[in-house]
Amino acid sequence: MKKILICAVAVTTLASCFGGSGKKEEALNRERDSLMMVINEKDNELNDIMGIVNEIQDGFRRINEAEGRIMVKDGDVESESTKQMIRENMLFIQESMAQNKEKISRLQEQLRSSTIKADKLKKMVDDLSAQLEQQTRRVQELQAELAEKNIIITMQGDSIGVLNDNLNLLTEDNRSKSEKMAQQDRDLNTAWFVFGTKSELKEQKILQDGDVLRSNDFNKDYFTKIDIRYDKEIKLYSKNAKLLTTHPAGSYKLEKDKKSQYVLVITDPQTFWSVSKYLVIQVR
C-alpha cells in the first residue's frame, strides 16, 4: 500500500513538472512566432525599398547609355535619320528622368513612414536625389548643344527646365522636412537634470514644501539640457545623493567613482525617462 502511494505521488509530481514545462514552451513558441513575424515584416519592407532603389539605379544606367548614343560634337547630325535618333533618345531620357524623380519621391515618403530607422538608407536616397540633380544639369547642357545645331526636340510632358525646377522644389521641400524631423527627433530625445542641496533646490523653487516640481514657477534655467541617447552618465560630485523625481527601478544605478563620489549611470534611457523628462537629485 505504501509503494502504491509513493508511485501515485511521483506520477502527480512528474505530470505537474511536464505541465509547467509545456506552458513555458508554449509561451516561448508564441514569443518566437511574434518575433519572427516582426522580422519578416521588416525584411519585406526592406526588400521593397531596395527594389525601388535598384529600379532607380537601373534608370540612371539606361539614361547614361542613351546620352552616349547622342554624339553631338563628333557625330554627323545633318541627316534626318540621325536627328530622329537624337530626338528619340532625348525623349527616352526625359521620360526616364521623370520616372526616376517620381520613384525617388515615393522612396522618400516611404522612408518617412517606415519602421526601419537606418541612416545609411536615408543617405542612399539623398545620394540618389543628388545624382538626379546632376544628371538634370547634364541634360540641360546637352539640350543647349542640340539647340545650337538646330535639332529641335519635341518634348512630351514637362520640359527639362520644368523638371529641374520641380527637382529643386522637391529638394528644398525634402530639406525642410528633414530639418523639421531632425528637430522633432531632438525634442523627443531632450531631457533636463539638476542636482543641488536641499536649500539650493528650495531657493530655485524646484523643491517646495517637500514636493519636487510642485508648480511651474520653478527656475527652468537652473537645469542642464541633455540628449538622452548619448548622455547616460551624470557626475554628482557628492558622497550623498538621492533622486527626488520618479524614475523606474532597474533603469539606473548610483555608482561611486575613485573619490567615493556618486555617479548616476542610466542603463535603460527609454525606461528611465518614460515617466518624466526632468531629473532632480538632492546632494549633500
Side-chain angles (χ1 to χ4, degrees), residues 24 27-28 30-31 34-35 37-39 41-42 108-109 111-123 126 173-284:
K24 288 182 180 178
L28 287 172
R30 283 200 301 270
E31 185 176 352
S34 178
L35 287 172
M37 187 178 299
V38 172
I39 291 171
E41 287 176 358
K42 287 188 178 294
Q108 289 168 330
E109 186 62 34
L111 279 180
R112 276 194 289 270
S113 59
S114 173
T115 58
I116 300 174
K117 304 300 179 185
D119 293 336
K120 288 185 178 180
L121 277 178
K122 292 178 182 177
K123 185 180 183 305
D126 291 340
D173 181 54
N174 288 334
R175 186 181 296 112
S176 176
K177 288 180 179 177
S178 295
E179 290 175 357
K180 184 177 180 181
M181 290 175 65
Q183 183 59 49
Q184 290 174 341
D185 192 46
R186 284 193 294 270
D187 292 342
L188 286 172
N189 291 287
T190 296
W192 294 263
F193 79 89
V194 67
F195 59 86
T197 63
K198 188 174 184 179
S199 60
E200 287 172 339
L201 297 177
K202 282 184 175 181
E203 185 179 348
Q204 303 301 324
K205 296 185 178 181
I206 296 169
L207 188 62
Q208 294 176 300
D209 298 328
D211 290 334
V212 64
L213 303 179
R214 182 177 182 179
S215 60
N216 288 325
D217 62 345
F218 63 89
N219 184 5
K220 295 181 175 63
D221 295 332
Y222 204 63
F223 283 77
T224 300
K225 184 169 75 170
I226 60 171
D227 189 320
I228 67 175
R229 295 169 296 184
Y230 311 113
D231 301 315
K232 299 177 183 178
E233 290 190 7
I234 300 173
K235 293 184 178 181
L236 303 177
Y237 304 102
S238 175
K239 295 181 179 181
N240 188 292
K242 180 174 67 172
L243 275 67
L244 299 184
T245 44
T246 302
H247 301 275
S251 63
Y252 67 94
K253 294 185 293 185
L254 279 170
E255 298 181 345
K256 288 187 176 181
D257 60 14
K258 294 179 180 179
K259 296 180 180 180
S260 295
Q261 294 178 333
Y262 276 111
V263 177
L264 175 67
V265 180
I266 302 171
T267 56
D268 185 351
Q270 294 300 324
T271 303
F272 182 84
W273 297 105
S274 61
V275 179
S276 173
K277 288 296 180 70
Y278 280 91
L279 165 65
V280 179
I281 305 173
Q282 181 178 316
V283 298
R284 280 198 312 209

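Residues A241 and L236 share a closest heavy-atom pair of CB-CD1, 3.7 Å. The minimum heavy-atom distance between T245 and L279, with the atom names listed, is OG1-CA, 3.5 Å. When all heavy atoms are compared, the tightest approach of Q282 to T197 is CG-C, 4.4 Å.
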Inset, instruction - Assess whether side chain to side chain contact (heavy atoms under 4.5 Å, CB included) is satisfied between I226 and F193, documenting all intermediate values. - result: CA-CA 8 Å; I226 60 171; F193 79 89; 3.5 Å; yes
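V275 places a side-chain heavy atom less than 4.5 Å from the side chain of P248.
In this structure, E203 has no side-chain hydrogen bond (donor to acceptor under 3.5 Å, both in side chains) partners at least two apart in sequence or on a different chain. Taking F272 as the reference, H247, Y252 meet the ring pair (Phe, Tyr, Trp, His ring centres under 6.0 Å) condition, with sequence neighbours excluded. The ring pair (Phe, Tyr, Trp, His ring centres under 6.0 Å) check on Y278 picks up W192, F218, F223, with sequence neighbours excluded. Here D257 pairs with nothing under the side-chain hydrogen bond (donor to acceptor under 3.5 Å, both in side chains) rule; sequence neighbours left out. With sequence neighbours excluded, the residues forming a salt bridge (Lys or Arg N to Asp or Glu O under 4.0 Å) with K253 are E255, listed by chain and number. In this structure R229 satisfies the salt bridge (Lys or Arg N to Asp or Glu O under 4.0 Å) test together with D185, D227, sequence neighbours excluded. For D209, the side-chain hydrogen bond (donor to acceptor under 3.5 Å, both in side chains) test picks out R214, with sequence neighbours left out. Contacts of D231 classified as salt bridge (Lys or Arg N to Asp or Glu O under 4.0 Å), with partners at least two apart in sequence or in another chain: none. D217 meets the salt bridge (Lys or Arg N to Asp or Glu O under 4.0 Å) test with K205; sequence neighbours excluded.
Applying the salt bridge (Lys or Arg N to Asp or Glu O under 4.0 Å) rule to pairs touching residues 233-249 yields nothing, sequence neighbours excluded. Within the structure, the ring-ring contact (aromatic ring centres under 6.0 Å, His included) test picks out no pair touching residues 224-244 (sequence neighbours left out). Residue pairs that meet the side chain to side chain donor-acceptor pair (under 3.5 Å) test with at least one member in residues 259-270, sequence neighbours left out, are D268-T271.
For the atom pair CD1 of I206 and CG of L213, the computed distance is 7.0 Å after rounding to the nearest 0.5 Å. If you take NZ on K202 and CG on L207, they are separated by 6.5 Å, rounding to the nearest 0.5 Å. Expressed to the nearest 0.5 Å, how far CD1 of I234 lies from OG1 of T224 amounts to 8.5 Å. With rounding to the nearest 0.5 angstrom, the CG atom of N219 is 11.5 Å from the CG atom of L201. Once rounded to the nearest 0.5 Å, the distance linking CD1 of I266 with CD1 of I228 reads 8.5 Å.
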